[in-house]
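Worksheet for the structure shown next.
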Amino acid sequence: MPTFVYMGRCDGCGECVNICPSDIMHIDPVYRRAFNVEPNFCWECYSCVKACPQHAIDVRGYADFNPLGHSVRVHRDTELATVFWKIRYRDGRQKEFQFPIRTTPWGSIQSPADYAPPDMSTLGSPLLAHEPEALKVDRLPGLPASGATP
Ligand code: SF4
Ligand code: SF4
């Protein structure tokens with residue numbers, strides 16, 4: 001149940017292209033508007049919906065939470081740091097929800113390019129990038145030492 005774009009609202013800014021983890025939001029080279037190039041590969045993660053400044057993207061939701069004929073609108077309010085959901089059922093009923101966006105300010109998360117390049121000597125380590133500091137468990141015992149067998 002993928003995303004689709006209201007062409008009349010889209011201004012071609014590309015925010016949805018940048019954020020889509022499935023790399024399926026593209027800008028049409030002729031009309032300069034976004035569209036979903038492979039609906040079957042949409043994760044329904046709503047990242048593009050929340051990121052779109054024009055509120056131009058909609059999603060046809062799963063039938064288990066929304067029967068056919070519905071609409072799901074998502075509005076990200078950066079001032080209030082909330083995401084507002086409005087679900088309209090085909091019988092006319094509406095449900096509205098509002099949640100905090102996140103616990104960190106919008107845009108404050110470091111991109112991978114902001115970190116130092118990985119050290120090749122750590123290739124044999126069982127730790128992933130930014131571990132153990134990112135796990136916030138560096139003071140706890142029990143993390144395997146680099147190269148140790150469990
Ligand atoms: Fe990409 Fe997620 Fe938007 Fe689908 S809902 S187009 S996977 S960002
Ligand atoms: Fe269009 Fe919204 Fe995508 Fe920008 S983020 S290109 S306005 S659909």
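When a ligand or atom number is given, it counts from 1 through the structure's own listing order. Nothing here was measured: the structure is a model prediction, and the numbers come from that model.
In this structure, the protein non-hydrogen atom closest to atom 1 (Fe) of ligand 2 is C10 SG, 2.3 Å. Counting only heavy atoms of the protein, atom 4 (Fe) of ligand 2 lies nearest to C13 SG, 2.3 Å.
Between the side chain of S111 and the backbone N or O of A113 there is at least one donor-acceptor pair closer than 3.5 Å.
Atom 1 (Fe) of ligand 1 has C20 SG as protein N, O or S atoms under 2.8 Å away.
Taking the ring pair (Phe, Tyr, Trp, His ring centres under 6.0 Å) definition, one finds that F4 meets it with Y6, sequence neighbours left out.
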Inset, instruction - Mind running side-chain contact (heavy atoms from CB on, under 4.5 Å) on F84 and T82 for me, showing each step along the way? - result: CA-CA 6 Å; F84 177 80; T82 59; 5.5 Å; no

Inset, instruction - Take R88 and Q94 through the test side chain to side chain donor-acceptor pair (under 3.5 Å) and record every step on the way to the result. - result: CA-CA 4 Å; R88 183 176 293 118; Q94 284 192 178; 2.8 Å; yes

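Ring geometry, F35 versus H26: the interplanar angle exceeds 60°, so the pair is classed perpendicular (tilted spans 30 to 60°).
Note: C48 SG to D58 CG = 10.0 Å, rounded to the nearest 0.5 Å. From C45, atom SG reaches atom NZ of K50 across 8.0 Å, with rounding to the nearest 0.5 Å. Taken to the nearest 0.5 Å, the CE atom of M25 stands 11.0 Å off from the OG atom of S47.
Because the distance cut-off is set at 2.8 Å, C52 fails to qualify as a neighbour of atom 4 (Fe) of ligand 2, as none of its N, O or S atoms comes that close.
Using a 4.5 Å heavy-atom cutoff, the side chains of S22 and C42 are not in contact.
Of all the atoms in ligand 2, the ones that sit under 4.0 Å from a non-hydrogen atom of Q54 are 7 (S). Taking a cut-off of under 4.0 Å to the non-hydrogen atoms of E15, the atoms of ligand 2 that pass are 5 (S). The contact set between ligand 2 and G14, taken as ligand atoms under 4.0 Å from a residue heavy atom, comprises 4 (Fe), 6 (S). Counting the atoms of ligand 2 from 1 in the order shown, those under 4.0 Å from a heavy atom of I57 are 8 (S). Within ligand 2, counting atoms from 1 as listed, the ones closer than 4.0 Å to a heavy atom of D11 are 1 (Fe), 4 (Fe), 7 (S).
For F41, no heavy-atom contact with ligand 1 is shorter than 4.0 Å.
Sorted pairs that involve residues 11-26 and meet salt bridge (Lys or Arg N to Asp or Glu O under 4.0 Å), not counting sequence neighbours, are lacking altogether. The stretch residues 30-40 participates, sequence neighbours left out, in these side chain to side chain donor-acceptor pair (under 3.5 Å) pairs: T3-N36.
Look at G12 and you'll find a heavy atom under 4.0 Å from some atom of ligand 2.
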